[in-house]
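Structure, as structure tokens:
Computed from a prediction, not measured in an experiment: that's the story for all the values here. Letters A, B, ... mirror the listed sequences (proteins, then strands); counts begin at 1.
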Amino acid sequence: MTDTRFDPSNADGRWQRAWDEAGTFTADSNSDKPKSYILEMFPYPSGRIHMGHVRNYTMGDVLARYKKMRGHEVLHPMGWDAFGMPAENAAMEKKVHPGAWTRSNIEGMKAQLKRIGFALDWTREFATCDPDYYGHEQALFLDMYEAGLVYRRQSEVNWDPVDMTVLANEQVIDGKGWRSGAEVEKRKLDQWFFKITEFAEDLLEGLDALEDWPDKVRLMQENWIGKSSGLEFSFALSNGEKLPVYTTRPDTIFGASFCAIAADHPIAQALAANPEVGAFIDECKKGGTTAAELETADKLGFDTGITAKHPFTGAPLPVFIANFVLMDYGTGAVMGVPGHDQRDFEFATKYKLPITRVVAKDASEADAPMGDEAEAGDGVIVNSDFLDGKSVEEAKADVIARAEAGGWGEGTTVWRLRDWGISRQRYWGTPIPIIHSPDHGPVPVPRDQLPVELPEDIDFDQPGNPLERHPTWKHTTCPITGKPAVRETDTLDTFVNSSWYFLRFASQPADAPFDPEEIAKWMPVQHYIGGIEHAILHLLYSRFWTRALAHIGKLDVNEPFAALFTQGMVTHETYALGDGSWLSPDEVRKDGADWIAIEDGAPVTAGRVVKMSKSKKNVVDPDAIIADYGADAVRWFMLSDSPPERDLPWSASGIEGCGRFVQRLWRLFQQFDPAATGEDKPLARKAHQAIVAVAEDIEALGFNKAVARIYELTGATEKAAPSESRNFAIQTLMYLSSPMMPHLAEEAWSVAGNDGLIADAPWPEHDPALLVEDEVTIAIQHKGKLRDTLTAPKGASKEDLEALALASEKVQRSLDGAEIRKVVVVPDRLVNIVT
RNA sequence: GCGGGUGUGGCGGAAUGGUAGACGCCGGGGACUUAAAAUCCCCUGAGCUUUGCUCGUGCGGGUUCGAGUCCCGCCACCCGCACCA
């Protein structure tokens, strides 16, 4: 018997060192065990580990430890998504080098992760800002460049004239730069792009096979890729030009009453010299893009005076410049069919254009008047010459066929997906390995000159890209001519860094990004866990990179992540003072039913339970909690109660409960009694059932259910008298809880006199014979309502159960002599008497 | 607007069409203690005329011997996309 309290401040660090020294979680790619690659989205080293990280990594950790117990060779690595803007912002604000800031954050966060006791293979750790990593990334960029998957073109960007940098759309708030507050300008810059659109079809079709991805994420990607099919054809214009348009509804072509083109369409631009047209185009560009603005924005049009000749009727259709037509989708021009498209309907109503019905419920309703909105539904074609009587689908096919036969149009597929712009005018990223030669234009940096390293001696005294104004860095020579040339000063979007890091974890040779044979041993990732916020960008880019690398023969894997799990957020109640300012949880206390500020007793309003965030101050620091309760209590909290895909509300009482449970288990573990004899069959049964149930729950990532099972077995074991069965239950609890509370389990295992580590122990075997109950509780219903329950031997016959049910006093009272019409007996379950 | 999800006690949540509320938190009562902490035991969906009965899984219908679960129609909230032709 040892101390009756488990002391995490002593035990946690001891076991963390023991795992480190034994290399317990180092993955051996040469092992002949079945392999499991378990990965959580690697963190950005922003400074501190937060509860969201803890929850994310605890889930992966339980899986990794469980798989190991199940005899798998597990790869569970960790690294750092280390390039990005916060480091540059820190450099500007705190006058520290982005690299130094990042490195110091990594050091701190790694120590934090170690204190939580994660079963990570630290031998494979890297940061994406290591020249070794980004050098290989540059090599892969060149591979893709040579394969024609990278190109350069002029593109419009959000330019912040004060910070002198490009902003992502997300960084433009109400038309102003999020940092500088300056009015953002549209600028055309030469930008590098990945040809992700070349893989659009592939990326879309691949989604079908990702059965272990959430449907939600698959749908979001499907919508993002946005495949649509229809007809692209040209109108002959009265000015002699052609106007190509795209429509998904060629069946409604006889309902076209106008054409509309985008404000930046070439035809509109050509007319812009006319001051009226110019003014209208400016007006169009002013419109906001927020949901509310779009919802209420009026359809605006400007009649160009040009007409378009209808391909079948020859009728002249007016051509408008319109604010609702987008230049970068389809051809930037549409045929307006007001009867069957809501936007066209609104536009036609406003400009008094004809609204013709060309689809009706059936042929007899061809002349039914249109209502106050467009009818986009299915039906039969009417008022459409040769299409009359056809279904929508037939008519689409017919029109496309005639257009193709007549040579004035063809059936096409249009995608919403755009190519991926990867140029960033920033310092802290992977330098794009290109040299701009005066004679040969952009030329790849020769492979033997990789990595192109970032210069260390930079300053952030002025806005703009420090690489651009560095005195020497960009000056080099053309690899072809040897004459002076300049380096590309843009760096790669940080999403490129995270598009292949999972490959580098699986294999990290010195002279190549990865070794395909090693990759084949581990990939695809069996469980990828992270936040839903990456549903599109990161997950789509990673799928694209994996496919692109497979396409150019570097890999044999198409899909990087076999199963994806998106975990919920860690939330916390918010606390606000009367003036709307936020207080942190440790600045408030409960005073009766109300909350008050500890400092001055001011009344505090407890608000909504929302994601922990610095701005709302509703954060709880993992370190402080670990110091108070130990790592296992925090891990247990992260797994308890809420299903992992839902949000987890943090609470002080919740973590206290977890801390209590750690001690409760510890006390129980001390009660292993070598002298105890005898069998306790019900308890043995519960233990064996728990072995199976907890395993099933973990495999289904139902951690909250696994936790509940462990609570149940704990309660039953505590109540039982000493016996061999009870000892077995205690040992079982040690094993079952070890993936979740590894420090406690190691300590108890060691105190019990076992050699080695429980982390290396196998998952306990269960006895199938003990999974089956020999007595069951039968529910007795009368007309579907519960009247009584009784215990019967398992497998009792229907007749016996019926007789037992009718013998029940409660049942007889409920029946009250009524005539029995029917008795439903579900063996081992219930008897329902119908009167 | 389009697409998706969620809705069960004071709270987080369990529940192959078969005893709704497992398990945890909060709360109440008790034991131990000089006292506290810790620990242990009991109670804890609502209501009622309380050996028991009635109601109860967002709302309204339906299928079924039996519905939180299946079907139809609504409501609320959350998330994603959005003038995508």
Side-chain angles (χ1 to χ4, degrees), chain A residues 4-5 214-224 226 228 230-231 245-249 252 260 262 287 289-291 293-295 297-299 322-326 328-337 340-344 346-347 373 376 414-416 532-533 535-536 571 609 636-637 640-643 645-658 660-661 663-664 667 702 704-715 718-719 777-790 809-810 813-814 821-826 828-835:
Chain A
T4 51
R5 278 194 73 78
D215 289 344
K216 181 190 173 80
V217 175
R218 290 200 286 179
L219 237 128
M220 282 166 74
Q221 291 212 354
E222 189 181 321
N223 292 337
W224 187 263
S228 89
L231 171 69
V245 300
Y246 170 74
T247 177
T248 56
R249 293 296 303 273
T252 62
T289 51
T290 65
E293 283 171 312
L294 290 178
E295 200 68 33
D298 249 355
K299 299 283 176 287
N323 64 344
F324 67 91
V325 181
L326 306 174
D328 62 357
Y329 185 81
T331 61
V334 299
M335 68 169 190
V337 184
H340 306 282
D341 179 282
Q342 186 56 27
R343 289 157 313 172
D344 297 346
E346 288 167 28
F347 189 83
E373 57 182 20
V414 168
W415 304 86
R416 208 187 81 95
I532 185 75
E533 67 274 19
I536 294 171
T571 59
V609 178
W636 190 249
F637 186 105
S640 302
D641 294 351
S642 289
E645 68 277 10
R646 286 205 216 163
D647 289 351
L648 173 67
W650 179 268
S651 71
S653 53
I655 184 65
E656 273 165 32
C658 293
R660 274 199 300 273
F661 184 64
Q663 299 301 337
R664 195 174 144 200
R667 285 192 301 275
N704 57 322
K705 292 187 228 170
V707 161
R709 302 271 187 197
I710 289 172
Y711 272 117
E712 274 186 274
L713 182 57
T714 302
E718 283 170 338
K719 287 185 178 69
T777 305
I778 306 288
I780 313 298
Q781 297 178 337
H782 174 211
K783 290 197 287 190
K785 283 188 179 164
L786 184 72
R787 294 297 156 183
D788 199 2
T789 59
L790 54 87
E809 195 188 318
K810 289 178 183 172
R813 201 173 331 122
S814 174
R821 300 213 321 259
K822 188 175 176 184
V823 179
V824 179
V825 182
V826 182
D828 297 335
R829 274 285 182 185
L830 63 66
V831 179
N832 187 10
I833 300 160
V834 187
T835 56

Return the value, rounded to whole Å, for the distance between atom [atom1] of [X] and atom [atom2] of [N].
X: A/Arg813; N: B/U51; atom1: CZ; atom2: C1'; value: 8 Å
X: A/Arg5; N: B/A37; atom1: CZ; atom2: P; value: 14 Å
X: A/His782; N: B/U54; atom1: NE2; atom2: P; value: 11 Å
X: A/Asp647; N: B/G7; atom1: CG; atom2: P; value: 13 Å

Assign [X] to base, sugar-phosphate, or nothing according to its heavy-atom contacts below 4.0 angstrom with the strands shown.
X: A/Ser651; result: nothing
X: A/Arg787; result: sugar-phosphate
X: A/Glu712; result: sugar-phosphate
X: A/Arg821; result: nothing
X: A/Tyr711; result: sugar-phosphate
X: A/Asp788; result: nothing
X: A/Arg709; result: nothing
X: A/Ser653; result: sugar-phosphate
X: A/Val826; result: base
X: A/Val325; result: base
X: A/Asn832; result: base
X: A/Lys783; result: nothing
X: A/Leu219; result: sugar-phosphate

query: Taking the side chain of A/Lys216 as heavy atoms from C-beta outward, which of B/A22, B/G4, B/A85 is closest to it?
result: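 Taking heavy atoms from C-beta onward, the closest nucleotide is B/G4.
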query: Out of B/C83, B/G3, B/G18, which has the shortest distance to the side chain of A/Asn223?
result: B/G3
- prompt: Counting only N and O atoms by type, is there a donor-acceptor contact under 3.5 Å from the side chain of A/Gln221 to the main-chain atoms of A/Ala535?
  reply: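 Yes, A/Gln221 side chain to A/Ala535 backbone: donor-acceptor pair under 3.5 Å.
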- prompt: Between A/Pro649 and A/Val609, what is the shortest heavy-atom contact and its length?
  reply: CB-CG1, 4.2 Å
Could you tell me how far [M] sits from [N] if I compare only their [atom1] atoms? Round to whole Å.
N: B/G24; M: B/G73; atom1: P; answer: 41 Å
N: B/U8; M: B/C55; atom1: C1'; answer: 15 Å
N: B/U69; M: B/U63; atom1: C1'; answer: 14 Å
N: B/G10; M: B/G3; atom1: C1'; answer: 35 Å
N: B/A36; M: B/G52; atom1: C1'; answer: 43 Å
N: B/C83; M: B/C77; atom1: C1'; answer: 27 Å
N: B/C72; M: B/A14; atom1: C1'; answer: 28 Å
N: B/A20; M: B/G66; atom1: C1'; answer: 14 Å

Would you tell me if any nitrogen or oxygen in the side chain of [X] comes within less than 4.0 Å of OP1 or OP2 on [N]?
X: A/Arg660; N: B/A38; result: no
X: A/Arg416; N: B/C2; result: no
X: A/Arg646; N: B/G7; result: yes
X: A/Arg218; N: B/G80; result: no
X: A/Lys810; N: B/U51; result: no
X: A/Asn704; N: B/G24; result: no

Look through every strand shown and name the nucleotide pairing with [N] as Watson-Crick or G-U wobble, where both distances are under 3.5 Å.
N: B/U39; value: B/A31
N: B/G66; value: none
N: B/A85; value: none
N: B/C25; value: B/G10
N: B/G47; value: B/C53

message: Both A/Tyr329 and A/Leu648 contact RNA chain B. Taking the nearest nucleotide for each, which residue is further toward the 5' end?
response: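 By nearest-heavy-atom nucleotide position, the 5'-most residue is A/Leu648.
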message: Closest-nucleotide mapping onto RNA chain B: is A/Leu786 or A/Trp224 further toward the 5' terminus? I mean the 5' end.
response: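 Counting from the 5' end, the first nearest nucleotide belongs to A/Leu786.
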message: Can you tell whether the side chains of A/Arg664 and A/Glu718 come within less than 4.0 Å, N to carboxylate O?
response: yes
field: Presence of donor-acceptor pair under 3.5 Å, side chain of A/Lys705 and base of B/C23
entry: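 Such a pair does not exist between side chain and base.
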query: Just checking, is any N or O donor in the side chain of A/Ser228 or A/Tyr246 under 3.5 Å from an acceptor N or O on the other one?
result: yes
query: Distance only, no hydrogens: is a donor on one side chain within 3.5 Å (strictly under) of an acceptor on the other, for A/Ser814 and A/His782?
result: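 A donor-acceptor contact under 3.5 Å links the two side chains.
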- request: To the nearest 0.5 angstrom, please state how far the NZ atom of A/Lys216 sits from the CD1 atom of A/Ile532.
  value: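 A/Lys216 NZ to A/Ile532 CD1: 5.5 Å, rounded to 0.5 Å.
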query: Taking atom OG of A/Ser642 and atom CG of A/Asn704, what is their separation to the nearest 0.5 Å?
result: 7.5 Å
message: If you take the centroid of each ring, where Trp contributes its six-membered ring, are A/Trp636 and A/Tyr711 closer together than 6.0 Å?
response: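 Yes, the ring centres sit under 6.0 Å apart.
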